[in-house]
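Beneath this line is the structure, given in structure tokens, with notes to follow.
Quick caveat, the model's predicted, so the values are computed rather than measured. The analysis underlying the following values was restricted to heavy atoms, covering all of them including side chains, and did not include hydrogens, waters or symmetry mates. For reference, positions follow the sequence shown, starting with 1.
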Amino acid sequence: MSTMIDLEIKRRDGHAHHQQVMPGVYSIGSDDSNKIKLPAAGISWRHAVLTITPEGFWIEDLNSDLGTFLDGKRVVGRTPLR
């Protein structure tokens, strides 16, 4: 049985997006077609991809205009999450 995960995405301005997710691959962006929709200034239509597996979590920026940051550092390539 898969476990639900409480996901929190924080923006630099302090606003946060909360969503429950299960293991899988999640597109993140401002467009309605994304599994995780973030309708905000500075979010590209297809901004990043979050991958959740039993082995771990990864984030990958999709050449977004302003980038994706993790702990204040720009994400380059497929980056593991803690």
Side-chain angles (χ1 to χ4, degrees):
M1 187 164 135
S2 296
T3 302
M4 292 296 285
I5 298 163
D6 292 316
L7 174 68
E8 179 182 63
I9 299 173
K10 288 186 181 179
R11 296 190 336 223
R12 286 184 174 189
D13 64 7
H15 288 93
H17 172 85
H18 298 268
Q19 185 170 333
Q20 287 198 329
V21 295
M22 296 182 70
V25 178
Y26 295 86
S27 57
I28 302 170
S30 61
D31 189 75
D32 288 337
S33 66
N34 290 290
K35 291 183 179 178
I36 299 173
K37 184 179 176 194
L38 301 175
I43 303 295
S44 297
W45 72 277
R46 189 153 153 83
H47 196 97
V49 171
L50 172 68
T51 303
I52 302 170
T53 71
E55 291 78 34
F57 302 63
W58 293 268
I59 188 79
E60 182 176 359
D61 183 74
L62 298 175
N63 297 316
S64 62
D65 292 335
L66 298 177
T68 301
F69 291 81
L70 178 62
D71 297 329
K73 296 178 185 172
R74 190 172 189 138
V75 170
V76 178
R78 189 173 189 228
T79 302
L81 299 170
R82 291 180 263 127

Flag, side chain of S44 to backbone of R46, donor-acceptor distance under 3.5 Å: no
Remaining members of hydrophobic cluster (4.5 Å side-chain criterion), L62: V25, V49
Co-members of the apolar cluster containing W58 [side chain, <4.5 Å]: none
Considering all heavy atoms, the nearest I36-L7 contact: CD1-CD2, 3.4 Å
Of all pairs that satisfy salt bridge (Lys or Arg N to Asp or Glu O under 4.0 Å), the ones with a partner from residues 23-33, not counting sequence neighbours: D32-K37
Using the test side chain to side chain donor-acceptor pair (under 3.5 Å), find all partners of [X] that sit at least two apart in sequence or belong to another chain.
X	value
N34	S27
D13	R11, H15
D6	Q20

For A16, all residues meeting side-chain contact (heavy atoms from CB on, under 4.5 Å), sequence neighbours excluded: E8, K10, H18
Partner residues of E60 under the side-chain contact (heavy atoms from CB on, under 4.5 Å) criterion, sequence neighbours left out: R78
Co-membership, hydrophobic cluster, residues W45 and I59, 4.5 Å side-chain: no
Got a list of side-chain donor-acceptor pairs under 3.5 Å for residues 68-77, not counting sequence neighbours?
from: T68; atom 1: OG1; to: H47; atom 2: NE2; distance (Å): 3.3
from: T68; atom 1: OG1; to: D61; atom 2: OD1; distance (Å): 2.5
from: D71; atom 1: OD2; to: R82; atom 2: NH2; distance (Å): 2.2

